[in-house]
Engineer: 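Questions regarding the structure given below will be posed in turn.
Within every chain, numbering begins at 1; the chains are lettered A, B, ... in the order of the sequence lines, protein sequences first and strands thereafter.
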Amino acid sequence: MNSASEALRVRFAPSPTGALHIGGARTALYNWLAARHSEGTLVLRIEDTDLERSTEENVEQIIEALDWLELDWDEGPVSQAGRAANHADALQRLLESGAAYRDPAKAEDVKAWKAEHGADRGYRGAPGSEGAIRLKVPDEGDTVVHDMIRGEVRFPNSSYDDFVIARGDGSVLYNFAVSVDDAEMGITEVIRGDDHLSNTPKQLLVLEALGHQPPRYAHVPLLHGPDGKKLSKRHGAASVQELRDAGYLPAAVRNYVALLGWGPGDDETLLSTEELVKRFDPSDVGRSSAVFDEQKLRWMNGRYMREMPLEEYARAVAAHNERELDPLLHSACEIAQEKAQTLNEVWPLIRFVFEPPIEDEKAWRKIMKGDAGKALEASREALEAVEEFDAGSVETAVGPIPEMLGLKPGKVYQPIRVAITGTTVSPGIFESIAVLGREKTLLRITDALERLAASVPEPD
RNA sequence: GGCCCCAUUGUGUAUCGGUUAGCACGCCAGGUUUUCAACCUGGAAGGGCGGGUUCGACUCCCGCUGGGGCUACCA
């Protein structure tokens with residue numbers, strides 16, 4: 001428990017080695033929720049000590065992803081590489097105190113040592129004047145991690161090598177840099193992926209050698225793909241930008257991702273971000289790994305799409321399709337809002353308003369037969385007489401036609417749908433006609449009638 | 001190989017020693033319907049295996065199996 005006097009400080013510390021994955025997004029979200037929940041501070045730190053893989057572009061990508069998710073931070077981004085002087089200081093202290101030493105051994109030497117000593121004990125080097133810098137690890141005893149999610153986890157010290165904390169050139173390695181940074185930045189709670197659990201004893205050892213108080217830890221389980229393997233590109237939309245491109249809403253993604261491994265305790269599944277902030281507690285996160293299920297995200301996204309205010313919805317659709325939000329697009333959005341689960345699904349439903357009907361031979365052949373011509377003629381006639389071209393009057397005009405002709409409604413409306421959109425799927429037919437407008441509707445029905453007359457000789 | 005984590009329907013979870021094992025997505029069937037969605041009703045589907053402990057285990061302990069992580073002069 002946090003005492004009231006101890007302000008919570010958490011950090012999200014991605015390594016910029018590629019796009020931000022869903023797992024990373026969840027870690028970011030959990031840290032953000034924890035910070036906002038207790039009015040603490042979220043620090044963004046970029047773990048870029050691996051110069052090979054850390055590029056400006058990757059950092060950009062991660063920040064973009066966080067922006068899109070609407071997760072903000074209070075401090076940073078802090079470049080870990082930029083804290084090299086602090087790391088060097090700390091390193092110097094350990095060297096001076098004898099807690100760390102330079103080891104001339106190369107990888108082959110370590111391998112040889114291990115071959116000789118078997119698995120009973122981690123590698124122990126011999127101090128020299130140059131080489132990588134290793135931390136002395138005790139031979140006896142355990143290092144225990146007190147984890148908010150896992151409980152008490154013990155690691156025998158003998159299973160660890162005297163691990164390398166800095167390269168021969170003095171540049172520090174991840175586990176060392178993290179320990180120093182977390183301590184010096186006053187991080188009180190480290191919420192991160194389970195893959196770091198086995199690293200934690202090393203960090204604890206560094207912290208102890210440096211005389212720092214360790215933070216509290218919460219290791220959240222990793223995410224897996226539907227095949228049970230670690231989540232990766234093969235599993236479809238695995239990165240935040242892919243989710244965005246697939247037409248998901250940030251709020252829906254936040255809701256869905258929060259529920260991967262965490263639940264509010266009751267049966268609620270639709271939780272606003274505000275609600276998430278109110279109810280989230282890292283110690284309630286589950287222990288087992290979860291599988292990212294895009295189908296459920298789709299469903300949830302659909303719920304958010306339908307419940308969005310129309311204004312917001314139209315803006316999102318416009319932005320997603322890189323179009324101006326004009327009144328026409330606004331009207332089109334209005335009639336399609338109930339129909340789409342993702343932003344990507346909206347345009348196919350409303351494009352007929354902006355572009356000529358698409359060519360869909362299958363749809364044409366399936367619908368434009370039998371009494372289709374008759375239905376279209378009657379519809380054209382009825383629509384020509386409509387003055388106020390809104391959905392209501394269109395329905396009044398066209399609605400009675402099925403009964404008039406003794407046809408099922410589908411036999412009348414599907415031909416109209418194909419005539420004006422080219423396909424068998426669209427928003428409600430009366431609304432679609434109204435939004436398309438009188439002139440275009442009539443023109444398209446006429447075109448369809450002509451095509452029908454030209455290609456299919458009337459049977460009877 | 002060594003160290004560590006995990007294990008409830010297909011998926012996410014609830015249950016925390018006594019329940020007809022609940023909910024959500026998905027799936028199946030039916031309803032509604034101008035298409036597609038949405039929506040409504042119903043249904044199938046679960047405690048990996050083996051030992052304990054206990055009057056009683058999904059729940060506690062041990063083993064096994066399976067999955068995962070770490071084991072770099074990567075992060």
Engineer: Taking atom P of B:G12 as reference, at what distance in whole Å does atom OH of A:Tyr256 sit?
Structural biologist: 8 Å
Engineer: How far, in whole Å, is B:U53 from B:A7 if one measures between their P atoms?
Structural biologist: 24 Å
Engineer: Between B:A72 and B:U13, how far apart are the two P atoms, rounded to whole Å?
Structural biologist: 31 Å
Engineer: Distance check needed: B:C36 P versus A:Phe352 CZ, whole Å only.
Structural biologist: 16 Å
Engineer: Rounded to whole angstrom units, what separation is found between the CZ atom of A:Arg417 and the C1' atom of B:A37?
Structural biologist: 11 Å
Engineer: Ring centres under 6.0 Å, that's the criterion: do A:Phe280 and A:Trp262 meet it?
Structural biologist: yes
Engineer: Would you say B:C73 has OP1 or OP2 under 4.0 Å from some side-chain N or O of A:Arg134?
Structural biologist: yes
Engineer: Can you check the distance between B:C16 and B:A21, where both ends of the measurement are the P atom (answer in whole Å)?
Structural biologist: 14 Å
Engineer: Measuring from the side chain of A:Lys339 (C-beta onward, heavy atoms only), which nucleotide among B:A37, B:A72, B:A75 has the closest atom?
Structural biologist: B:A37
Engineer: Expressed in whole Å, how much space separates the C1' atoms belonging to B:U9 and B:C27?
Structural biologist: 12 Å
Engineer: Just the table, please: protein N/O against nucleotides 63-68 of chain B N/O, every pair under 3.5 Å.
Structural biologist:
from  : atom 1 : to       : atom 2 : distance (Å)
B:G68 : OP1    : A:Lys229 : NZ     : 2.9

Engineer: Ring centroid separation for A:Tyr248 and A:His320, is it under 6.0 angstrom?
Structural biologist: no
Engineer: Please identify each residue that fulfils ring pair (Phe, Tyr, Trp, His ring centres under 6.0 Å) with A:Tyr123, with sequence neighbours left out.
Structural biologist: A:Trp113
Engineer: Does B:A75 have OP1 or OP2 sitting under 4.0 Å from an N or O in the side chain of A:Arg192?
Structural biologist: no
Engineer: Of the residues in residues 103-110 of chain A, which ones touch RNA chain B at a heavy-atom distance under 4.0 Å?
Structural biologist: A:Ala105, A:Lys106
Engineer: For atom P, what is the distance between B:U41 and B:U32, given to the nearest Å?
Structural biologist: 15 Å
Engineer: What is the distance, rounded to the nearest whole Å, between atom NZ of A:Lys111 and atom C1' of B:U71?
Structural biologist: 13 Å
Engineer: Should A:Lys202 be listed as having a side-chain N or O under 4.0 Å from OP1 or OP2 of B:A75?
Structural biologist: no
Engineer: Any stems for RNA chain B, made of 3 or more Watson-Crick or G-U pairs in a row, each with both distances under 3.5 Å?
Structural biologist: B:1-7 with B:65-71, B:10-13 with B:22-25, B:27-31 with B:39-43, B:48-52 with B:60-64
Engineer: Using whole Å, report how far CD of A:Gln203 lies from C1' of B:C4.
Structural biologist: 15 Å
Engineer: In the 5'-to-3' direction, what one-character label does each nucleotide of nucleotides 20-27 of chain B receive under the scheme B = base within less than 4.0 Å of a protein heavy atom, S = sugar-phosphate only, - = no such atom?
Structural biologist: --BSBSS-
Engineer: Rounded to whole angstroms, how far apart are CZ on A:Phe292 and C1' on B:G10?
Structural biologist: 16 Å
Engineer: Check whether any side-chain N or O of A:Thr49 sits under 4.0 Å from OP1 or OP2 of B:A75, and answer yes or no.
Structural biologist: yes
Engineer: Check step by step if salt bridge (charged side-chain N to carboxylate O under 4.0 Å, His left out) holds for A:Asp194 and A:Arg150.
Structural biologist: CA-CA 10 Å; A:Asp194 208 3; A:Arg150 317 269 153 191; 3.3 Å; yes
Engineer: Going by the ring pair (Phe, Tyr, Trp, His ring centres under 6.0 Å) test, which pairs reach into residues 401-425 of chain A, not counting sequence neighbours?
Structural biologist: A:Tyr413-A:Phe430
Engineer: Below 6.0 angstrom between ring centroids: does that apply to A:Phe354 and A:Trp347?
Structural biologist: yes
Engineer: Take atom NE2 of A:His219 and atom P of B:C70, then tell me their distance rounded to the nearest Å.
Structural biologist: 12 Å
Engineer: Considering only atom C1', compute the distance from B:C23 to B:U8 and round it to an integer number of Å.
Structural biologist: 13 Å
Engineer: Sort out for me which residue in A:Lys136, A:Lys202, A:Arg134, A:Arg124 forms a salt bridge (charged side-chain N to carboxylate O under 4.0 Å, His left out) with A:Asp162.
Structural biologist: A:Arg124
Engineer: Quantified in whole Å, what is the P atom distance between nucleotide B:U65 and nucleotide B:G46?
Structural biologist: 26 Å
Engineer: Nearest whole Å is fine: how far is B:C36 P from A:Lys366 NZ?
Structural biologist: 8 Å
